[in-house]
Amino acid sequence: MRIRLTRLFQPTFTVSAAAVVFNDQQEVLLLDHLLRPTSGWGIPGGFLDAGEQPDAAVHREIREETGLDLVDIRMVKVRTVGRHVEIIFAARGVGEAKVMSREITDARWFPLDELPERLPEFQKHLIEAVLKGEV
């Protein structure tokens, strides 16, 4: 009964998993995503499927969008934005990043000192903290 009452009054929310993916040259992978037309570049990720674990979701999303595999994956942050929960990982990408989804217009590796201007401020700070070993 308590679970039913909680679900009745609890607002719904969405959950996604994203990752700061870096390579051996300490460059970060950023995607230009069609579904983010106002923000431009961003770290890769996507929504969790029902019953999917966050680390599996981030592996799946990045493989589907870029063909990369992930190693050395670790969770670095969980945050909420309105009714959305975002689980953020750091990982090293293995393989060649290429555009493999119609949702993505470009996939590129960027050095820390050459991040694109239209990258959201939160992501800039997150990338810097991950690559400097602060998170």
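We number each residue from 1, following the sequence as shown. Model, not experiment: these values are computed from the prediction.
Residues Arg63 and Asp69 share a closest heavy-atom pair of NE-OD1, 3.0 Å. A pairwise comparison of heavy atoms in Leu31 and Ala107 identifies CD2-CB, 3.5 Å as the closest pair. Ile104 approaches Asp106 most closely through the heavy-atom pair CG2-O, 3.3 Å. The two atoms that bring Val58 and Ala18 nearest to each other are CG2-C, 3.7 Å, heavy atoms only. For the residue pair Ala17 and Ala57, the shortest heavy atom distance occurs at CB-CB, 4.3 Å.
Under the 4.5 Å side-chain contact rule for hydrophobic residues, Leu48 and Ile73 share a cluster. Linking Ile, Leu, Val, Met, Phe, Trp and Tyr whenever their side-chain heavy atoms come within less than 4.5 Å puts Ile87 and Phe13 in one cluster. Note on Val15 and Val78: same hydrophobic cluster, where clusters join Ile, Leu, Val, Met, Phe, Trp and Tyr whose side-chain heavy atoms are under 4.5 Å apart, directly or indirectly. Cluster annotation: Met75 and Ile62 are assigned to the same hydrophobic cluster (Ile/Leu/Val/Met/Phe/Trp/Tyr, side-chain heavy-atom contacts under 4.5 Å, transitive). When the side chains of ILVMFWY residues are joined at heavy-atom separations under 4.5 Å, either directly or via intervening members, Leu112 and Phe122 end up in a single hydrophobic cluster.
No donor-acceptor contact under 3.5 angstrom links the side chains of His33 and Thr105, judged on distance only.
Within the model, atoms CG of Leu68 and CD of Glu96 stand 9.0 Å from one another, a figure rounded to the nearest 0.5 Å. The distance from atom CH2 of Trp41 to atom CG of Leu119, rounded to the nearest 0.5 Å, is 10.0 Å. With rounding to the nearest 0.5 Å, the separation of CD in Glu52 from CD in Glu61 is 7.5 Å. Rounding to the nearest 0.5 Å places CD1 of Ile88 at 5.5 Å from CD1 of Ile43. Distance check, rounded to the nearest 0.5 Å: CG of Asp72 to CZ of Arg92 gives 5.0 Å. From Glu65, atom CD reaches atom CZ of Arg102 across 13.0 Å, with rounding to the nearest 0.5 Å.
Looking at Asn23, its side chain does come within 3.5 Å of a backbone N or O of Gln26 through a donor-acceptor pair. Ser101 places a side-chain N or O within 3.5 Å of a backbone atom of Glu103 that can act as its donor or acceptor partner.
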List, one per line, each side-chain donor-acceptor pair under 3.5 Å for residues 126-135, sequence neighbours excluded.
none

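The side-chain hydrogen bond (donor to acceptor under 3.5 Å, both in side chains) check on Glu86 picks up Arg79, with sequence neighbours excluded. Taking Thr66 as the reference, nothing meets the side-chain hydrogen bond (donor to acceptor under 3.5 Å, both in side chains) condition, with sequence neighbours excluded.
Residues Phe47 and His84 bring their aromatic ring centres within 6.0 Å. Ring pair Phe22/Trp109: centre-to-centre distance not below 6.0 Å.
Within a 6.0 Å sphere centred on NZ of Lys124, heavy atoms belonging to other residues, nucleotides or ligands number more than 12.
Look at Asp32 and Arg108 and you find no salt bridge, because none of the NZ, NE, NH1 or NH2 atoms lies under 4.0 Å from a carboxylate O.
Side-chain contact between Val20 and Val28 is present, with at least one heavy-atom pair separated by less than 4.5 Å.
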